[in-house]
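Quick caveat, the model's predicted, so the values are computed rather than measured.
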Amino acid sequence: MASGQYKDVEQGKINSLEDLETPLIHEDKIVSYKTDDDGTDHETRSIGMVLLSTFVAVCGSFGFGSCVGYSAPTQSAIMEDLNLTTSQYSMFGSILTIGAMLGAITSGRISDYIGRKGAMRMSAGFCITGWLAVFFSTGYLSLDMGRFFTGYGIGVISFVVPIFIAEIAPKNLRGGLTTLNQLMIVTGSSVAFLLGSVITWRALALTGLIPCIFLLVGLFFVPESPRWLAKVGREKEFQAALQKLRGKDTDVTREAEEIHVHIQTLQSLPKARILDLFQRQYIRFVFIGVAIMVFQQFVGINGIGFYASQTFESAGLSSGTIGTIAYACIQVPITIVGALLIDKSGRKPLIMVSAAGTFLGCFLAGVSFFLKAHSLLLGWVPIMAVSGVLVYISAFSIGMGAVPWLIMSEIFPINIKGIGGSLVVLVNWSGAWLVSYTFNFLMNWSSSGTFFLYAGVSLATIVFVAKFVPETKGKTLEQIHESINS
């Protein structure tokens, strides 16, 4: 903050963010605010640039979904055209997760060093390189290299997009806008799955370039995160970006001051290192962020999702294709419902209802396999299995899919957001790999036991969220950080 710019702050007259309710002496003028009991300012805010910036950012999320959804519909064609063995194709599928883990490890430092926009540009570059390598592949080495590059790109995207949206959005819209990240992921995945059934695998790889190009071009027209600009001391750009996001006729003095007060406090602290995350003042942020991602993955989403067709066939359905298409299509409208509800219902109620739904879905699927194992009510087994999986994915899409990413983007103070967010995203991708890797082993051990296990994790999620996760609806990021440590 420039010397003398905000005199009340420098002279110690503002003791908390609540003191900003009173007139603020701003060097050459007095600015007053009137705030309702619910914290709503009497200002007219323009959200056009916020919506445009969000749309641009979630093009990266759509690309994320395209990468995830690519391998399922292309497996037989790629293996036939390139003469791949099953183990070689398995490497192609799994190396995406390995690349994403590496992207997760580096994403926080990258976005802190070159900015949120810079990180998204770099991610798009990796994804474009990867998709082109897949398109021109003549053997498994170039195929795997392309898949690894796209994995690295989406590993970075999975961190930086929700962070960017949370940092630019007004508090009353932050939840719904951040949830668009998950909506575009599932949309990209579903579109890739459906397109993969009608076009060649090389053509499908080219479609993965489209969201990357939209992202790269769109970033020229949107501002950088004001909070990141303030953190790195680029004061003029900070003021310009915040004004652009809120509208040229909006008085942003108070919001700018809140951000400055918070960052000034954080900058008095030493630079965060990985071991600092386990210090007393940060351990609660890390505990909540890591645990919520562990629960998100260990309710079984990647195992159930990756092997949905196989699961339906194991339950006795003549063909898993219809059930799998229903699975792909149902995610999008349900995720839209979740996006509409998240700023109305709050984060905690939505994720608890979602976890209750994943419990019900897993329980139904578990019962269906139990009945099949004991040759009971065999006519009902396929119906219960399909119903259970569809209930599960509907419930997951409405809350468990998006809310943990939103909470991750909200809870970390900006001075540890890079390193803390990287840790959380790494945990998420590691959990994704572990669940998808163990799913077939668990199903061979006990199909019903696998789903009952995931049902138990769903119940544990409800208990954890009720006891430890703060409600962040309607709060600024700075207020959230204060409430967690209070």
**Request:** Decide yes or no on side chain to side chain contact (heavy atoms under 4.5 Å, CB included) for F396 and I334, but give the supporting numbers first.
**Result:** CA-CA 9 Å; F396 186 90; I334 296 298; over 6 Å; no
**Message:** Donor-acceptor check, side chain of S111 to backbone of S107, threshold 3.5 angstrom: yes or no?
**Reply:** yes
**Asked** Any side-chain heavy-atom pair from F64 and M184 closer than 4.5 angstrom?
**Response** no
**Request:** Under the ring-ring contact (aromatic ring centres under 6.0 Å, His included) rule, collect the residues that match up with F55, sequence neighbours excluded.
**Result:** none
Output side-chain donor-acceptor pairs under 3.5 Å for residues 155-166, partner residues at least two apart or in another chain, one line each.
{"unit_1": "S158", "atom_1": "OG", "unit_2": "I154", "atom_2": "O", "d": "3.4"}
{"unit_1": "S158", "atom_1": "OG", "unit_2": "G155", "atom_2": "O", "d": "2.7"}
{"unit_1": "S158", "atom_1": "OG", "unit_2": "W429", "atom_2": "NE1", "d": "3.3"}

**Asked** Can you tell me how far the CZ atom of R234 sits from the CG atom of L229, to the nearest 0.5 Å?
**Response** 5.5 Å
**Request:** Could you tell me which non-hydrogen atom of G218 sits nearest to which non-hydrogen atom of V56, and how far apart they are?
**Result:** C-CG1, 3.6 Å
Identify all side-chain donor-acceptor contacts of residues 125-134 below 3.5 Å with residues at least two apart in sequence or on another chain.
{"unit_1": "T129", "atom_1": "OG1", "unit_2": "G125", "atom_2": "O", "d": "2.9"}
{"unit_1": "W131", "atom_1": "NE1", "unit_2": "G208", "atom_2": "O", "d": "3.4"}

**Request:** Report yes or no: does Q243 contribute a side-chain atom to a donor-acceptor pair with the main-chain N or O of T250 at less than 3.5 Å?
**Result:** yes
**Prompt:** If you look at every heavy atom in S189 and G69, which pair is closest and at what distance?
**Reply:** OG-CA, 3.8 Å
**Item:** Which atom of F214 lies closest to which atom of C59, heavy atoms considered
**Value:** CB-SG, 3.8 Å
**Asked** For R347, does its backbone N or O pair with a side-chain atom of E471 as donor and acceptor, under 3.5 Å?
**Response** yes
**Fill in**
When rounded to the nearest 0.5 Å, the distance separating CG of L183 from CG of L177 is 11.5 Å
**Any donor-acceptor N/O pair, K348 side chain to V469 backbone, under 3.5 Å** = yes
**Request:** Salt-bridge test for R246 and D251: reply yes if a basic N is under 4.0 Å from a carboxylate O, no otherwise.
**Result:** no
**Message:** Within the structure provided, determine whether P404 and I351 are in side-chain contact (heavy-atom separation under 4.5 Å).
**Reply:** yes
**Request:** Specify whether F464 and F295 have parallel, tilted or perpendicular ring planes, treating 30° as the upper limit for parallel and 60° as the lower limit for perpendicular.
**Result:** tilted
**Prompt:** If you take all heavy atoms of Q296 and W405, which pair is closest and at what distance?
**Reply:** NE2-NE1, 3.4 Å
**Request:** Determine whether Y392 and I304 make a side-chain contact, defined as any pair of heavy atoms from C-beta on separated by less than 4.5 Å.
**Result:** yes
**Spacing of I336 atom CD1 and S397 atom OG [to the nearest 0.5 Å]** = 11.0 Å
**Request:** Please name the pair of heavy atoms, one in M400 and one in A355, separated by the smallest distance, quoted to 0.1 Å.
**Result:** CG-N, 4.1 Å
**Message:** Main chain of L204, side chain of T207: is a donor-acceptor contact present, judged purely on distance under 3.5 Å?
**Reply:** yes
**Item:** Flag side-chain contact, heavy atom, 4.5 Å: Y70 against R147
**Value:** yes
**Prompt:** Quick one: CD1 on I292 to CG on N428, what's the gap to the nearest 0.5 Å?
**Reply:** 11.0 Å
**Message:** What's the separation between atom CZ in F148 and atom CE in M145, rounded to the nearest 0.5 Å?
**Reply:** 7.5 Å
**Item:** Approximate separation, where rounding is to 0.5 Å, of I47 CD1 and L52 CG
**Value:** 12.0 Å
**Verdict with supporting geometry, T461 and F298, side chain to side chain contact (heavy atoms under 4.5 Å, CB included)** = CA-CA 10 Å; T461 302; F298 281 86; over 6 Å; no
**Prompt:** Under 4.0 Å between a Lys/Arg side-chain N and an Asp/Glu carboxylate O for R116 and E224?
**Reply:** no
**Prompt:** Does F451 have any ring-ring contact (aromatic ring centres under 6.0 Å, His included) partners at least two apart in sequence or in another chain, and if so, which?
**Reply:** F369
**Prompt:** Counting distance only, does the side-chain N/O of Y152 pair as donor-acceptor with the main-chain N or O of M101 below 3.5 Å?
**Reply:** no
**Heavy-atom closest contact (I398 atom, V337 atom, distance)** = CD1-CG1, 3.9 Å
**Side-chain heavy-atom pair E258, R254 within 4.5 angstrom cut-off** = yes
**Item:** Pairs satisfying ring-ring contact (aromatic ring centres under 6.0 Å, His included), at least one member in residues 94-123, at least two apart
**Value:** none
**Request:** Please assess I301 against V435 for the test side chain to side chain contact (heavy atoms under 4.5 Å, CB included), listing each intermediate value before the final yes or no.
**Result:** CA-CA 8 Å; I301 181 59; V435 169; over 6 Å; no
**Item:** Verdict with reasoning, Y454 to F363, per side chain to side chain contact (heavy atoms under 4.5 Å, CB included)
**Value:** CA-CA 9 Å; Y454 295 151; F363 184 78; over 6 Å; no
**Asked** Looking at side-chain heavy atoms only, is the closest gap between P470 and I407 below 4.5 Å?
**Response** no
**Request:** Can you run down the side-chain hydrogen bond (donor to acceptor under 3.5 Å, both in side chains) pairs that involve residues 47-65, sequence neighbours left out, and say none if there aren't any?
**Result:** S61-N181
**Request:** Take E255 and H260, measure what side-chain hydrogen bond (donor to acceptor under 3.5 Å, both in side chains) needs, and give me the verdict at the end.
**Result:** CA-CA 9 Å; E255 185 175 3; H260 272 303; over 6 Å; no
**Prompt:** Quick one: does V191's side chain get under 4.5 Å of S66's, heavy atoms only?
**Reply:** no
**Request:** State whether the side chain of K117 and the backbone N or O of P223 hold a donor-acceptor pair below 3.5 Å, judged by distance alone.
**Result:** no
**Request:** Check whether any side-chain heavy atom of R284 lies under 4.5 Å from a side-chain heavy atom of F287, and answer yes or no.
**Result:** no
**Request:** Verify, without hydrogens or angle tests, whether R227 (side chain) and E167 (backbone) share a donor-acceptor contact under 3.5 angstrom.
**Result:** yes
